[in-house]
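Before any comments, here is the structure.
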Amino acid sequence: MFGLPIVDRLLTEWFRADVESRAQLLMHSMEEPVTELVASGDQARLRGYLARITDDQRLLAIVLCRPDGVTILRTERTPTAVSCQAGQGAPPPTGILQLPGGSVQVSRFDFHGDGTPAFRVLLVHDLSFVDRRQRTARDALVIFVTLAVLLIGLLIVLTGWLQLRRWVTVLIGDIRGKRFLDDARSPRESLPILWQVRKALAEVEEKQRLEIDFRENWTPQALQQVVRDYLQSAQVMIVSNREPYVHNRNAEGQPVVQVPASGMVTALEPIVRACAGVWIAHGSGTADREVVDRFDHIQVPIDDPAYRLRRVWLSKEQEDGYYYGFSNEGMWPLCHLAYVRPEFRAEDFRLYAEVNAKFAAVCAEEASTDSPVILIQDYHFALLLQLIRKHLPKATIILFWHIPWPNAETFGVCPWKTQLLLHMLSADILGFHTRYHCQNFLETVDRFVECQIDHEQMTVTLQGHVCRVAPYPISIEWPPRWLSQLPAVEACRRAVRERYGIGDGVSLGLGVERWDFTKGIIERFQALESLLDANPKLRGKITLLQIAAPSRSRLPAYQELQRHTLAEADRVNARFADRGTWQPIILIGEHQEPLQVFELYRAVDFCLVNSLHDGMNLVAKEFVAARDDEDGVLILSTFAGASRELPEAVLINPYDVSETAEAMLTAVKMGREERRDRMSLMRRTVKENNVYRWAGRMLMDAARIRQRQSLSARAYRVA
Ligand code: GDG
């Protein structure tokens, strides 16, 4: 307490002056009686009078002195230090005296009355009350200062708390709206601390993003959470050519539902279920029209409805031009390096554009908000994007390209390349299976479109619109729902062998795919032939079961492929078949139900995926997912996107027939331990990189783009 000595001094001065004036007042009132009593010489009366006066608590004593220093009278409590003489005739000391019992103040008055003897009065005042009061004042001061400090402290804490609450409210708003990643880039607010915190949160978010990238448990629930929290429950729409459920009339004329053989459907069905979205697709089944409501809607899956399917009707002419013509005779061979020449006809392209416009109008009809998230699937809809933007300018559009993207030179043969590219670039996100396909696309854009490409960020800016090009390797649901309906591997194995008459000592290989020239079915038969040629001991000991689901059968190239496949199977079988007891190839040229497909995966010794070119190939991943016994060998083409994720498969160049034959031999001879090691590694990869992760990453990127766009729209409004 730095102020205490000052307070002490002030109080002392104040009380001293007070005592002095009191002494003067007292002296005035005493002057007459004391003069008389001194003059009378009556000591007893004088003593009695003075004793009465000194009854006052503060007045300690009175001393009467003669001018020569002789004491006339000292009252009872007079301190010894107070006397009439200071020594050698000096007057007695006055002022404050510090005595052992406390301090006193001595005041002196001299009387020179007419006709009376002169005398001197010393009044001794007790100053101990000053000490008491000083102590009290000091205590009061300390209490006051302490209280003041506490009060000020409290005010500071309160103000700080209110300020903190404001920041916390702003931050919680930021976190809920996940705005900090963008805000952190510029200290827009005049609150540097808040900006620092935002920056730190942005870093945490970035880290979380990476963690999410590597998290193992992507589930339908995680995906639902992404839609709810990151996309604020935005409407999710899927647009594809192939519908997830087809109603065809059976032999009795009754509508029966079928799940088509399509990698795209396999991947997207679990997602639209998880998001309860709407799926818009071409109603291609013979009984499709009979089962929809008056808005062309049907709730699917039929036995456990989870989302709405909107069927779009096409005329035969439209289907021929858009689907069979431009999509499958033009774009499909253009994007797959399988040495089948693409056909480009202007009329097909006109119908392709017409159908794309039709789907754009249906998207607008089905949108329940002005900013849905629209996931467009595949090469059937390259012209859809700008048309949707016209109807729904605020929509977030993702185009996922399920097939490879060729290099610029190859794509350059398409007569409408620039038109297609310009449309595609109005997507917010353009996804491919592999980085290699992304780079091919950027190279193509660089060659044919005047725009700004950021190779580092993989973005293309065209007339102010930013399109993000990114790899999102597609996958399957984990665990595949069919597994829960199937018995143990051993039981599947017995059932399948019995069904197809395959002996116990025969190694069973499997091929499952749409009957397509990119899948390498004929090359597979030739590889088996080469294996049996080179290893006669294997005759009777190995069989290839081939499921080929007819696809695009109206097209001459596919008809020719089917004819050629059957002929090759017959030729190879004729060469090696063993009088009806064994044949090397069993070809089932019919669509199978998914449950049957999964039963086959579980029953065989190896699965052969020797696509000549394939965006990803889901059969490879399904085979791995089906093998919870950690057995079975996967032979995989290096030209399938899946080979980037599954290097533990036996990798082959499908154009090299003898290498494929060698791989089959490796599969047959591989020991149980090696099979388990390879399979368990692949299973971990497919489990972690499942289809929910594929969609989750894409939707989270879409959410980030939406936040960025809404921020720049706000900034634009403010400006
Ligand atoms: C394109 C890309 C990419 C096969 N036969 C039957 C049947 N399937 C199922 C399989 C699998 C799907 O069809 C085929 O998927 P893929 O991925 O192997 O091939 P594409 O259809 O060409 O798919 C491809 C894919 O899109 C996803 O992006 O991986 O690269 O070409 O699910 O099980 N299903 C049924 N009966 C059959 O007979 N039910």
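In listed order, ligands and their atoms are each counted from 1.
- In terms of polar-atom proximity, H336 is not counted as a contact of ligand 1, lacking any N or O under 3.5 Å from an N or O of the ligand.
- The heavy atom nearest to atom 30 (O) of ligand 1, considering only D614, D516, V619, V259, is found in D614.
- The closest heavy-atom contact to atom 2 (C) of ligand 1, among the options K519, H402, E622, comes from H402.
- Residue contacts with ligand 1, taken as heavy atom pairs separated by less than 4.0 Å, involve L618 via backbone and side-chain atoms alike.
- Here W332 has side-chain heavy atoms under 4.0 Å from ligand 1, and that is the only part of it that gets that close.
- Ion pair R481/E477 flagged as a salt bridge, since at least one NZ, NE, NH1 or NH2 atom sits closer than 4.0 Å to an Asp/Glu carboxylate oxygen.
- Close contacts of ligand 1 with H433, meaning ligand atoms under 4.0 Å from a residue heavy atom, involve 3 (C), 28 (O).
- Atoms of ligand 1 found under 4.0 Å from any heavy atom of R514 (numbered from 1 in listed order, with element): 20 (P), 21 (O), 22 (O).
- Checked against Q583 for a side chain to side chain contact (heavy atoms under 4.5 Å, CB included), the options I586, I585, L587 give a single hit: I586.
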Indicate every side-chain donor-acceptor pair of residues 269-283 with a distance under 3.5 Å to a residue at least two apart or in another chain.
{"residue": "E269", "atom": "OE1", "partner": "Y307", "partner atom": "OH", "Å": "2.5"}
{"residue": "E269", "atom": "OE2", "partner": "Y245", "partner atom": "OH", "Å": "2.5"}
{"residue": "E269", "atom": "OE2", "partner": "R273", "partner atom": "NE", "Å": "2.8"}
{"residue": "E269", "atom": "OE2", "partner": "R273", "partner atom": "NH2", "Å": "2.9"}
{"residue": "R273", "atom": "NH2", "partner": "Y245", "partner atom": "OH", "Å": "3.4"}
{"residue": "W279", "atom": "NE1", "partner": "S240", "partner atom": "OG", "Å": "2.8"}

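- Taking the six-membered ring wherever Trp is involved, the centroid distance between the rings of Y352 and W416 does not fall below 6.0 Å.
- What you find for Y692 and W478 is that their closest heavy atoms are CE1-N, 4.2 Å.
- P333 and V340 make their closest contact through CB-O, 3.3 Å (heavy atoms, listed as atom of the first residue, atom of the second, distance).
- Shortest non-hydrogen contact noted between A527 and A661 is O-CB, 3.3 Å.
- Checking only distances, V512 never comes within under 3.5 Å of ligand 1, N or O to N or O.
- Contacts between W401 and ligand 1, counted as non-hydrogen atom pairs separated by less than 4.0 Å, are absent for every part of the residue.
- Considering backbone and side-chain atoms alike, N617 places an N or O below 3.5 Å from some N or O of ligand 1.
- Close contacts between ligand 1 and Y601 involve ligand atoms 33 (O) [criterion: under 4.0 Å to a heavy atom].
- Where the criterion is an N or O separation shorter than 3.5 Å, residue side chain and backbone included, G615 meets it with respect to ligand 1.
- None of W218, F432, F400 except one satisfies the ring pair (Phe, Tyr, Trp, His ring centres under 6.0 Å) rule with W694; the exception is F400.
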